[in-house]
Amino acid sequence: QVQLVESGGGLVQAAGSLRLFCAAYGTFLSINAMGWYRQAPGKQRELVAVITSGDTTNYADSVKGRFTISRENDKNTVYLQMDSLKPEDTAVYYCYANVRRGSGSLSIRHWGQGTQVTVSS
């Protein structure tokens, strides 16, 4: 069984910063891509950032230059550094990891429980 545990959300004023953490626990062979989605009230879930196992990154246009995704493979952890936060960044943030349980198996996406980020104006 694979479990993703998130932390780091909270309330911050506009222009402030937060750092989100997401660690994968369990028994598995490897983790391919990891990333973050967010969902604001009344809106669809949107991709925020993704990082491959080779550290290639990609960001939503709305967060480019403000957010930075990184990972520590030996800790099975992905981070999201969020700077210059805006009220429109307010959402529940979900991490994910594409996990291979064993050799010859396909990657399966696992999700974190979500963490609330609220940015006040």
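Keep in mind the model is a prediction, meaning the values are calculated, not measured. Just so you know, these numbers use all the heavy atoms, side chains as well, and skip hydrogens, waters and symmetry mates.
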Task: side chain to side chain donor-acceptor pair (under 3.5 Å) partner of Y93, chosen from Q39, R38, E6 - done: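 With Y93 as partner, Q39, R38, E6 yield a single side chain to side chain donor-acceptor pair (under 3.5 Å), made by R38.
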- [ ] Test side chain to side chain contact (heavy atoms under 4.5 Å, CB included) on V48 and L80 and set out the steps.
- [x] CA-CA 9 Å; V48 175; L80 187 67; 4.2 Å; yes
Which atom pair, heavy atoms only, marks the closest approach of [X] to [Y]?
X	Y	answer
A24	L4	CB-CD1, 3.9 Å
N98	S107	CB-CB, 4.1 Å
S17	D83	OG-OD1, 2.7 Å
A40	A91	N-CB, 3.8 Å

Student check: side-chain heavy atoms of [X] and [Y] closer than 4.5 Å:
X	Y	result
T56	I51	no
I108	R100	no
R101	V2	yes
T90	V117	no
C95	M34	no
V78	Y96	no

TODO: Could you grab the distance from atom CG of L47 to atom CG of N58, nearest 0.5 Å is fine?
DONE: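 The CG atom of N58 is 7.5 Å from CG of L47, to the nearest 0.5 Å.
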Open item on the list: Rounded at 0.5 Å granularity, tell me how far CG in L106 sits from CZ in R109.
Closed with: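 So the CG of L106 and the CZ of R109 are separated by 13.5 Å.
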Open item on the list: With no hydrogens and no angle check, just 3.5 Å: does a side-chain donor-acceptor pair link S53 and N32?
Closed with: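 Not at all, the side chains of S53 and N32 share no donor-acceptor pair under 3.5 Å.
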- [ ] State whether D89 and K86 are salt-bridged, where the test is any N-O pair (Lys NZ or Arg NE/NH1/NH2 against Asp/Glu carboxylate O) under 4.0 Å.
- [x]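 Result for this pair is no, no salt bridge flagged.
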Open item on the list: Let's go through T68 and Y59 carefully: what are the C-alpha distance in whole Å and the side-chain angles of both, what is the deciding distance for side chain to side chain contact (heavy atoms under 4.5 Å, CB included) to 0.1 Å, and is it a yes or a no?
Closed with: CA-CA 8 Å; T68 303; Y59 298 91; 3.9 Å; yes
TODO: Could you walk me through whether I31 and N76 pass the side chain to side chain contact (heavy atoms under 4.5 Å, CB included) test, one step at a time?
DONE: CA-CA 8 Å; I31 300 177; N76 298 317; 3.8 Å; yes
- [ ] Consider only side-chain heavy atoms of I, L, V, M, F, W and Y, link residues closer than 4.5 Å, and tell whether F67 and L20 are in one cluster.
- [x]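 F67 clusters together with L20.
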Task: Common cluster, L18/Y94, ILVMFWY with side-chain heavy-atom separation under 4.5 Å - done: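 No, it is not one cluster - the side chains of L18 and Y94 are not joined through contacts under 4.5 Å.
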Open item on the list: Could you check, using the six-membered ring where one of them is a Trp, whether F21 and Y79 have ring centers closer than 6.0 angstrom?
Closed with: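 Between F21 and Y79, the centre distance is under 6.0 Å.
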Task: Check: T77 side chain, K75 main-chain N or O, donor-acceptor pair, under 3.5 Å - done: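 A pair under 3.5 Å: yes.
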Open item on the list: Does atom CD (E72) have a neighbourhood of more than 12 heavy atoms from anything else shown, all under 6.0 Å?
Closed with: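 Yes, CD of E72 has more than 12 neighbouring heavy atoms, counting only those of other groups under 6.0 Å.
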Task: Distance under 6.0 Å and angle within 45° of ring axis: R45 vs W36 - done: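 Cation-pi check for R45 and W36: fails.
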